[in-house]
Amino acid sequence: MENLRSKINDVAKRRGFYWNSYDIYGGLGGFYDYGPLGSLMKKNIVDLWLKEFVYHDGLILVDTPIIGPEIVYRASGHLDKFTDYMVRCKSCGHAFRVDELIDKYVETPDALSPDEIERIIETYNIKCPDCGGELGHVEEFHLMFSTNIDLGKKGFLRPETAQGIFVNFSNLYRINREKLPMGVAQIGRAFRNEISPRQGMLRLREFNMAEIELFVDPESGYKWREIPERMLHALRNDGRDIKISSVEACKNEVINCYISYYMARIIDFLQKLGIDTERVRFREHHPEELAHYSTETWDCEVLLSKGWMEVIGISYRGAYDLSHHMDYSGQDTRAFRRYQDERKIKIERIVPRMEILGPKFKANAQKIAKKLEEMEMEGDKRPLEIEVEGKKYRIPPDAYDLVVEEVKVSGERFIPHVVEPSFGIDRLFYAILEHSYYEREDSKYKVLRFNPIIAPVKAGVFPLMSKDGLDVLAKQVLSFLREKGVNAYYDESGSIGRRYARADEIGTPFCVTVDYQTKEDSTVTVRERDSTEQVRVKISHLVEFIRNIIEEKRGFKDVP
RNA sequence: GCAGGCGUAGUGUAGUCUGGCAGCACAAGGGCCUUCCAAGCCCUUAGCCCGGGUUCAAAUCCCGGCGCCUGCACCA
């Protein structure tokens with residue numbers, strides 16, 4: 001019980017924030033349940049996220065399936081990059097990653113099929129590195145969970161919510177009235193079959209993400225919201241550890257401007273969550289560390305008891321995802337960039353002469369003509385050779401005309417680039433607990449210093465004595481608060497001090513006590529969690545009083 | 001996935017070596033008391049991770065599994 005993590009796990013289980021799933025069956029690694037308090041608090045975190053990122057910036061929200069067909073994850077690259085081939089030693093049972101075993105013999109171990117790998121193991125007579133035993137068959141290890149859709153059709157559980165946004169780009173772009181930048185957000189669960197999940201809630205196999213895909217025009221320059229000036233602790237991938245303002249970082253091209261914007265907003269968000277921003281830094285990925293889709297990634301890390309922990313990642317994904325989905329689906333997923341002035345450009349165009357092509361190529365003439373029209377051509381007329389559906393055709397110069405015409409062009413199509421801030425809700429949740437936890441100096445009892453907006457329960461209502469009608473009055477105050485939408489609970493068990501202590505342990509910001517004076521003037525005492533100071537508030541003002549503090553309109557001492 | 005350590009009421013632990021009625025503290029529930037920060041007293045609930053083996057007898061010894069922790073590997 002000496003370290004912070006076990007203390008937090010203790011409170012979490014005892015009071016109902018979270019615990020390991022399937023406990024009665026011995027638990028299951030990488031899966032956690034949110035208990036009554038945790039569920040409420042997680043919802044508060046998500047609500048704040050919606051407010052800070054979605055409503056604040058006018059993003060649009062989607063909600064797409066968790067299961068996707070194989071083709072989507074082929075296109076996204078996850079299927080290739082997320083699959084490891086393993087072989088197991090027949091005698092000692094050790095498992096090895098194939099690419100590490102055979103990289104001495106072949107240049108591109110990642111590109112091989114299982115059959116090819118087995119042939120290479122046989123050819124070079126590769127044995128178990130540990131015991132020299134014979135190696136078994138190649139097995140696939142997916143970091144994505146797979147399932148079946150229909151009979152025999154393979155599906156995968158999404159490893160990120162992002163693909164659900166990319167595949168819908170065209171529709172969303174239209175709904176957004178073809179405006180860029182366009183920010184699309186999604187909140188939901190994602191799944192990764194981690195090889196060795198450990199560290200409690202920090203590495204889960206099923207986890208909650210809140211992701212934004214901000215689609216931008218790569219040639220327009222920075223065209224998003226004004227960047228708030230915030231000091232950032234940035235650890236660059238050249239090893240430099242710097243403090244830089246978000247505005248400077250953008251201006252000096254130290255950090256991509258869209259990423260700079262999100263870093264600044266993240267600082268504010270984390271602060272509202274109750275995370276100590278002195279213990280927050282942004283760490284740039286090294287080139288070899290980058291995900292397959294990214295050219296620039298910064299992790300937002302929070303210092304926890306076990307060291308720096310990634311809670312948010314901001315990636316510049318470029319055109320990677322949209323261009324792959326365009327290739328795999330055959331659908332146009334481009335955006336349209338309108339020129340400021342209509343441009344007139346001269347183009348040389350091939351106009352097929354059907355009266356020649358028709359008799360010459362008969363049934364194929366239409367397809368040949370279409371191909372000709374799509375060709376670009378410079379210089380004089382000459383015999384052309386084209387290929388249609390694998391067959392080559394020779395086109396004589398008299399079978400087409402070269403026409404020079406002036407056309408109006410109002411814009412061009414392009415694949416938008418994507419900036420992706422991706423928030424790990426569960427990790428944020430845990431980070432809040434660690435940064436909120438403290439023990440009172442005198443009594444050593446535990447307090448969670450939750451920001452009122454995040455706190456799962458806003459108020460405890462206690463009768464000073466459970467007699468003389470105080471209990472009845474207190475229950476009325478409780479109903480009153482609940483009717484007004486303030487999540488509160490009633491407690492009359494034990495001394496008043498004990499009840500305060502119970503409330504503090506789950507981070508309840510306010511304790512409302514009904515005492516003898518309440519009977520006379522309908523006021524109650526409200527005690528603030530961290531200072532333990534009290535003010536008297538009229539019952540009729542109680543809801544407004546609490547709401548104002550939650551919304552940061554007033555301080556605790558401003559009694560209305 | 002490997003190696004090591006660990007697994008006893010809700011939580012923390014004693015007992016395991018040396019097999020013989022599973023104990024303590026806190027928490028929780030009920031009661032008494034109590035005029036604002038874990039007071040006190042009485043009562044109650046509640047446990048040997050799962051499965052198999054050895055034995056007259058297993059929390060204890062053996063085997064397998066699961067989970068947790070640490071290190072290695074992994075972490076798109």
Side-chain angles (χ1 to χ4, degrees), chain A residues 1-3 5-7 9-16 19-31 35 73 76-84 86-89 92-97 99-100 110 130 139 141-144 159-160 162 190 192-200 202-205 285 288-294 297 299 306 309-310 313 315 422 439-440 442-447 462-468 470 492-505 511-519 524-529 531-534 536:
Chain A
M1 271 300 286
E2 70 288 356
N3 67 68
R5 177 126 133 259
S6 36
K7 285 177 178 178
N9 284 339
D10 167 35
V11 176
K13 185 169 187 190
R14 229 165 8 83
R15 301 305 304 272
W19 53 77
N20 188 219
S21 302
Y22 309 109
D23 197 38
I24 62 167
Y25 289 104
L28 183 61
F31 296 91
Y73 293 103
S76 72
H78 287 95
L79 210 46
D80 287 343
K81 305 289 163 127
F82 263 28
T83 304
D84 284 339
M86 315 276 292
V87 278
R88 202 175 288 277
C89 170
C92 74
H94 283 167
F96 302 95
R97 282 181 50 182
D99 52 350
E100 288 172 2
D110 291 337
D130 282 6
E139 299 166 50
F141 187 83
H142 281 305
L143 272 67
M144 282 195 293
E160 56 175 8
R192 296 176 192 183
N193 201 355
E194 299 285 353
I195 294 170
S196 171
R198 212 137 350 131
Q199 307 172 34
L202 295 177
R203 266 185 91 193
L204 298 176
R205 289 186 163 126
H285 278 203
E288 69 276 9
E289 187 186 357
L290 288 167
H292 60 276
Y293 47 72
S294 179
T297 294
D299 282 347
K306 295 287 166 168
M309 186 68 213
E310 178 202 346
S315 288
S422 174
E439 289 166 12
R440 292 219 193 268
D442 39 359
S443 55
K444 291 284 172 211
Y445 73 77
K446 299 164 181 175
V447 187
F462 316 145
L464 186 59
M465 297 287 138
S466 43
K467 60 180 185 186
D468 301 328
L470 295 185
E492 62 168 28
S493 154
S495 71
I496 191 78
R498 178 183 292 254
R499 286 175 264 163
Y500 287 149
R502 275 191 208 113
D504 291 345
E505 199 181 41
C511 291
V512 175
T513 303
V514 169
D515 57 19
Y516 288 95
Q517 196 182 325
T518 309
K519 290 167 93 171
V524 290
T525 66
V526 181
R527 170 228 190 228
E528 198 274 333
R529 178 192 58 217
S531 63
T532 74
E533 286 179 19
Q534 293 186 354
R536 281 206 90 83

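Bear in mind that the values here come from a model prediction, so they are computed numbers and not experimental data. A, B, ... follow the sequence lines: proteins, then strands. Residue 1 opens every chain.
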Is there a Watson-Crick or G-U wobble partner for [N] with both distances under 3.5 Å, and which nucleotide is it?
| N | value |
| --- | --- |
| rA39(B) | none |
| rU34(B) | none |
| rU60(B) | none |
| rU70(B) | rA3(B) |
| rU55(B) | none |
| rU18(B) | none |

Nearest whole Å is fine: how far is [N] [atom2] from [X] [atom1]?
| X | N | atom1 | atom2 | answer |
| --- | --- | --- | --- | --- |
| Arg203(A) | rC75(B) | CZ | C1' | 5 Å |
| Trp19(A) | rG67(B) | CH2 | C1' | 17 Å |
| Arg5(A) | rC68(B) | CZ | C1' | 10 Å |
| Glu289(A) | rC74(B) | CD | P | 13 Å |
| Leu28(A) | rC68(B) | CG | C1' | 13 Å |
| Asp299(A) | rC75(B) | CG | C1' | 11 Å |
| Ile24(A) | rG10(B) | CD1 | P | 13 Å |
| Glu288(A) | rC74(B) | CD | P | 13 Å |

- Item | Polar side chain donor-acceptor pair, Thr518(A) to Asp515(A), under 3.5 angstrom | yes
- Query: Just checking, any donor-acceptor pair under 3.5 angstrom between side chains of Tyr500(A) and Thr513(A)?
  - Reply: yes
Nearest-angstrom distance, [atom1] atom, [N] to [M]:
| N | M | atom1 | answer |
| --- | --- | --- | --- |
| rC66(B) | rG47(B) | P | 26 Å |
| rA14(B) | rG71(B) | P | 23 Å |
| rG7(B) | rG15(B) | C1' | 15 Å |
| rG29(B) | rG65(B) | P | 42 Å |
| rC33(B) | rA46(B) | P | 28 Å |
| rG31(B) | rG12(B) | P | 29 Å |
| rA3(B) | rA9(B) | C1' | 33 Å |
| rG19(B) | rU55(B) | C1' | 9 Å |

- Message: Holding to side-chain hydrogen bond (donor to acceptor under 3.5 Å, both in side chains), I want the full list of residues that pass it with Glu533(A), two or more places apart in sequence or in another chain.
- Response: Lys557(A)
- Query: Can you list the residues that meet the side-chain hydrogen bond (donor to acceptor under 3.5 Å, both in side chains) rule with Arg527(A), with sequence neighbours excluded?
  - Reply: Asp504(A)
- Message: Assuming nearest nucleotide by heavy-atom distance, tell me which of Gly29(A) and Leu290(A) is located more 5' along RNA chain B.
- Response: Gly29(A)
- Nearest-nucleotide check on RNA chain B, His292(A) vs Gln199(A); residue mapping nearer the 5' end is Gln199(A)
- Base versus backbone protein contacts along nucleotides 28-38 of chain B [heavy-atom cut-off under 4.0 Å; B, S, -]: SS----BBBBB
- Query: Where does the angle between the aromatic ring planes of His78(A) and Tyr73(A) fall among parallel (under 30°), tilted (30 to 60°) and perpendicular (over 60°)?
  - Reply: perpendicular
- Task: May I ask you to decide whether Lys446(A) forms a salt bridge with Glu439(A), counting only side-chain N to carboxylate O separations under 4.0 Å?
- Result: no
- Qualifying residue for salt bridge (Lys or Arg N to Asp or Glu O under 4.0 Å) with Glu505(A), from Lys7(A), Arg498(A), Arg440(A), Arg15(A): Arg15(A)
- Message: For a 4.5 angstrom cut-off between non-hydrogen side-chain atoms, does Leu143(A) reach Glu194(A)?
- Response: no
- With distance as the sole criterion, do the side chain of Arg198(A) and the base of rG67(B) form a donor-acceptor contact below 3.5 Å? no
- Any side-chain N or O of Lys7(A) under 4.0 Å from OP1/OP2 of rU11(B)? no
- Query: Which part of the nucleic acid does Gly200(A) contact within heavy-atom distance under 4.0 Å: base, sugar-phosphate only, or nothing?
  - Reply: sugar-phosphate
